[in-house]
Amino acid sequence: MNPLSDFIIDVNNVSMKFNMSKEKVDNIKEYIVRLVKGRIKITEFWALKDISLSIRRGESLGIVGVNGSGKSTLLKVIAGVMKPTTGSIGVYGTVAPLIELGAGFDYELTARENIFLNGAILGYSRAAMSAKFEEIMDFSELQEFVDVPIKNFSSGMVARLGFAIATISRPDILIADEILGVGDYKFQLKCEQRMNEIISTGATIILVSHAIEQIEKMCTHTAWINKGRLMAFGPTSEIAPQYMASLQ
Ligand SMILES: Nc1ncnc2c1ncn2[C@@H]1O[C@H](COP(=O)(O)OP(=O)(O)OP(=O)(O)O)[C@@H](O)[C@H]1O
């Protein structure tokens, strides 16, 4: 028997390095000229260092840490949006990444057109998207704006549309970055309710949130990271108080 069959996510010694230039350059041409002449100093920055954790089917993971600790980077690496510099990730199920909502949108197109465009990107046929169309419009509460180019939308409206589209499928793993902070309070409750519906189908969620109460409500396990390192990982009931104490 595969010893990992119990796991839905397995993160093994993952590290992520970014190359950063601290110099101020006015444009990309000047940057390239200086880079070629060796006049740009590149510094290595490790956003994640040696992270290992595993999540079993039926468990959910919350990721906490102060600003810039590496939470979003860890989420993107698990979602497969970024490849880690070293280490490996095993993901055993279908993933719906609710990160960078609206990243696949064309801002010149209307909400209606973007629903079909995004559907195509997600691999749905036009007929399948037509069947889901009303549900998406209802959920996002943007009926009045269905034929308006989304360049005229507020960022909250774009995120609502993105969330409604991304959650029409029933994935094994739902990955969300501060998603519940999108939109007004009423919409946040709707998002939370939809995420709970998805969890009740047996799906695993991975959630980055600054709101520890949200993590306590939705995640069985928590990973606390600081400066790219895993400070603690375990049941949320144990880790949440440790993290809160570190903030005092
Ligand atoms: N593409 C990138 N290139 C260079 N540095 C990056 C890149 N993405 C993230 N970083 C750096 O990596 C560190 C971790 O960033 P990350 O966004 O993962 O933190 P975070 O914990 O999600 O922060 P926040 O709570 O503010 O959203 C930060 O110092 C950030 O500047």
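Both ligands and their constituent atoms are indexed starting at 1 by order of listing.
Taking the six-membered ring for Trp and thresholds of 30 and 60 degrees, F116 and F133 have nearly parallel ring planes, at less than 30 degrees apart.
Taking the side chain to side chain donor-acceptor pair (under 3.5 Å) definition, one finds that N196 meets it with nothing, sequence neighbours left out. With sequence neighbours excluded, the residues satisfying salt bridge (charged side-chain N to carboxylate O under 4.0 Å, His left out) with E108 are K151. Checked against side chain to side chain donor-acceptor pair (under 3.5 Å), E113 has the following partners two or more places apart in sequence or in another chain: T110.
Ligand 1 lies under 4.0 Å from heavy atoms of F18, M20, F45, A47, V66, N67, G68, S69, G70, K71, S72, T73, H210.
Within a 6.0 Å radius of CD in E144, other residues, nucleotides and ligands contribute 12 heavy atoms or fewer.
For the pairing with I215, the side-chain contact (heavy atoms from CB on, under 4.5 Å) check across L61, I239, V208, T236 returns one residue only, T236.
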